[in-house]
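The structure appears right after this line, and notes come after that.
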Amino acid sequence: MPNIEVNDFDLAHTLECGQLFRAERREGWYYVACRDHLFKVRQQNNMLEYDGVDEEFLVRFFALDLDLEAIYRKINVDPHIDAAIRQCRGLRICRQDPWECLVSFICSSANTITNIRKVVKLLSERFGQKAKLDDYETHTFPKPGTLNDVESLREAKAGFRAESIAVANNLVTDEYLHALPSAGYEAARERLMQISGVADKTADCVLLFSMDFLSAFPIDTWVKQVIAKEYFHGQNVSLHKMREFAMIYFGQYAGYAQEYLYHKARMDAGRGKGSRK
DNA sequence: AGACAGGGGAGTG
DNA sequence: CACTCCCCTGTC
């Protein structure tokens, strides 16, 4: 079984912090599906054992090329974020497939993680192809162009997000999405937000989790609570102000700060795996 | 069984 | 700009 030595990496935090919806624990392994890739992985101390993809893919996917300590030095600017870093140490932001990421986070709007996982699974079963590793069976994620039937999307429990998925499906291609980052953060964000069903939070998730914009700071209800409490004396501030503040306050790796604050809040509330987003 | 959580959009003040 | 209602599904 191939393996690789890793530093500053925590597989469980990375896979269970809510950034991914197609990772599943099975008999001591995590099986991870990403677009048309399927691999398994487990960690023992500094050793990562894996199968199904090559080392190059793994390093890129888990962003093992990044110096996490350097990122901590940049974002660790107060006691609260320091506590989050101590609690979530080793959590890395993965580099997802942009299309799968876009559709997944369209599904995340007003939805719980459990439900998002279910919808993404149903979409894959219905529109993707079978994939198998060992005894683990799953499906590839459907390609752009295949998600245009609103009725079927509703049958996959997408609910009112079905129309938005179809809109995205008809508006973008893989080439379009892969070219987006070169336009820069603001322009890429504006383009994503042209898709009905994609506003600030969803756009920033896609930019952060699939386009390497590590300064993007998606604000969901959990992060909103934390920012209000820790940085605005509990007063209610507009999401726009919060985002503006956070991107300056935490700087070029604000997205990492966001993910640590988010994961800490959820762990403190006893929701390490699963329920609400 | 009825309230509520969860982003985004549309409409209104 | 801010506020309110609705979209759908699931849980409590």
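The chains referred to below are lettered A, B, ... by the order of the sequence lines, with proteins before strands, and numbering in each begins at 1.
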Could you work out, with salt bridge (Lys or Arg N to Asp or Glu O under 4.0 Å) as the rule, every residue matching A:Arg189, not counting sequence neighbours?
A:Asp200, A:Asp204
In whole angstroms, the gap separating P of B:dG7 from CD1 of A:Ile195 amounts to 18 Å
Check: A:Gln43 side chain, A:Phe9 main-chain N or O, donor-acceptor pair, under 3.5 Å:
yes
Check salt bridge (Lys or Arg N to Asp or Glu O under 4.0 Å) between A:Arg73 and all other residues, then give those that pass, not counting sequence neighbours.
none
Pairwise N/O distances under 3.5 Å, protein to nucleotides 10-13 of chain B:
none

Go through the structure and list residues passing salt bridge (Lys or Arg N to Asp or Glu O under 4.0 Å) with A:Glu137, not counting sequence neighbours.
none
Closest to the A:Lys118 side chain, choosing from B:dG6, C:dA2, C:dG10
C:dG10
Can you list everything that forms a salt bridge (Lys or Arg N to Asp or Glu O under 4.0 Å) with A:Lys118? Sequence neighbours excluded, please.
none
Thinking salt bridges, do A:Asp220 and A:Lys224 make one under a 4.0 Å N-O criterion?
no
So does A:Thr202 get a side-chain nitrogen or oxygen closer than 4.0 Å to the phosphate oxygens (OP1/OP2) of B:dG8?
yes
What integer distance in Å separates A:Asp220:CG from B:dG8:C1'?
14 Å
Do any pairs count as a side chain to side chain donor-acceptor pair (under 3.5 Å) and have a residue in residues 46-57 of chain A, sequence neighbours left out, and if so which ones?
A:Arg42-A:Glu49
Which side-chain N or O atoms in residues 122-133 of chain A pair as donor and acceptor under 3.5 Å with protein atoms at least two apart or in another chain?
| residue | atom | partner | partner atom | Å |
| --- | --- | --- | --- | --- |
| A:Ser124 | OG | A:Val120 | O | 2.9 |
| A:Arg126 | NH1 | A:Glu155 | OE1 | 3.0 |
| A:Arg126 | NH2 | A:Glu155 | OE1 | 3.3 |

Nucleic acid contacts - residues 157-165 of chain A versus DNA chain B, non-hydrogen atoms under 4.0 Å
A:Phe160, A:Arg161
Quickly work out the A:Met193 CE to B:dG9 P distance and round it to whole Å.
7 Å
Whole Å only: how far is the CG atom of A:Leu123 from the P atom of C:dC8?
16 Å
Integer-rounded Å distance: B:dG8 C1' and A:Lys224 NZ
13 Å
Which donor-acceptor pairs under 3.5 Å do side chains of residues 57-69 of chain A form with protein atoms, sequence neighbours excluded?
| residue | atom | partner | partner atom | Å |
| --- | --- | --- | --- | --- |
| A:Asp65 | OD1 | A:Arg95 | NH1 | 3.1 |
| A:Asp65 | OD1 | A:Arg95 | NH2 | 3.4 |
| A:Asp65 | OD2 | A:Arg95 | NH2 | 3.2 |
| A:Asp67 | OD1 | A:Glu69 | N | 3.2 |
| A:Asp67 | OD1 | A:Ala70 | N | 3.2 |
| A:Glu69 | OE2 | A:Arg89 | NH1 | 2.9 |

Base, sugar-phosphate, or nothing for A:Val119, non-hydrogen atoms under 4.0 angstrom?
nothing
What is the separation between atom CD1 on A:Ile106 and atom P on C:dT9, rounded to the nearest whole Å?
17 Å
Any carboxylate oxygen within less than 4.0 angstrom of a Lys/Arg side-chain nitrogen, looking at A:Glu24 and A:Arg26?
yes
For the helix from B:dG2-C:dC12 to B:dG13-C:dC1, what angle separates the axis at the start from the axis at the finish, each from five pairs, in steps of 10°?
40°
B:dA5 P sits how many Å from A:Ile116 CD1, rounded?
17 Å
Any side-chain N or O of A:Thr221 below 4.0 angstrom from OP1/OP2 of B:dG6?
yes
Please list, chain by chain and in numerical order, all residues satisfying side chain to side chain contact (heavy atoms under 4.5 Å, CB included) with A:Pro144, sequence neighbours excluded.
A:Arg35, A:Trp99, A:Asp174
Provide, to the nearest angstrom, the distance between the CG atom belonging to A:Leu239 and the P atom belonging to B:dG8.
9 Å
Grouping ILVMFWY residues whenever side-chain heavy atoms fall under 4.5 Å, the cluster of A:Met47 otherwise contains none
